[in-house]
Amino acid sequence: MIWIYILIPVVIIGGIAVYFEKKSGMTTPNENKQADNLGKVLQHNQVNHYGSGPE
């Protein structure tokens, strides 16, 4: 009988997760967009590494 108290919240949370996953239309990350922003990320890392950057 105690397994009901464990199983019911798991089922409810699982149902909510499935609902929001279908509602939001989750997709895989766009790798092309990530590749385009790589240069910006590297530039910011160099600025942070060497100091406050150009002023």
Side-chain angles (χ1 to χ4, degrees):
M1 181 87 160
I2 202 162
W3 59 271
I4 291 176
Y5 294 115
I6 297 171
L7 189 60
I8 288 177
V10 171
V11 170
I12 291 173
I13 298 293
I16 291 171
V18 168
Y19 169 75
F20 280 113
E21 190 273 334
K22 292 198 181 288
K23 181 180 177 184
S24 66
M26 293 174 63
T27 60
T28 57
N30 186 352
E31 294 180 9
N32 293 332
K33 186 175 181 181
Q34 291 176 347
D36 291 340
N37 291 333
L38 181 61
K40 294 178 185 177
V41 170
L42 292 175
Q43 181 181 12
H44 285 287
N45 284 343
Q46 288 177 350
V47 168
N48 291 336
H49 178 70
Y50 294 120
S52 63
E55 292 183 8

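Residues V11 and F20 fall within the same hydrophobic cluster, defined by Ile, Leu, Val, Met, Phe, Trp and Tyr side chains chained together at heavy-atom separations under 4.5 Å. A single hydrophobic cluster is not seen to contain both Y19 and V10; linkage of ILVMFWY side chains at heavy-atom distances under 4.5 Å, directly or through other members, places them apart. Connection of Y5 to I13 is not established within any shared hydrophobic cluster, with ILVMFWY side chains joined at heavy-atom distances below 4.5 Å, either directly or through further cluster members. Linking Ile, Leu, Val, Met, Phe, Trp and Tyr residues whenever their side-chain heavy atoms come within less than 4.5 Å places I8 and M1 in a single cluster.
Taken from CD1 in I12 to CG in L7, the straight-line distance is 10.0 Å, to the nearest 0.5 Å.
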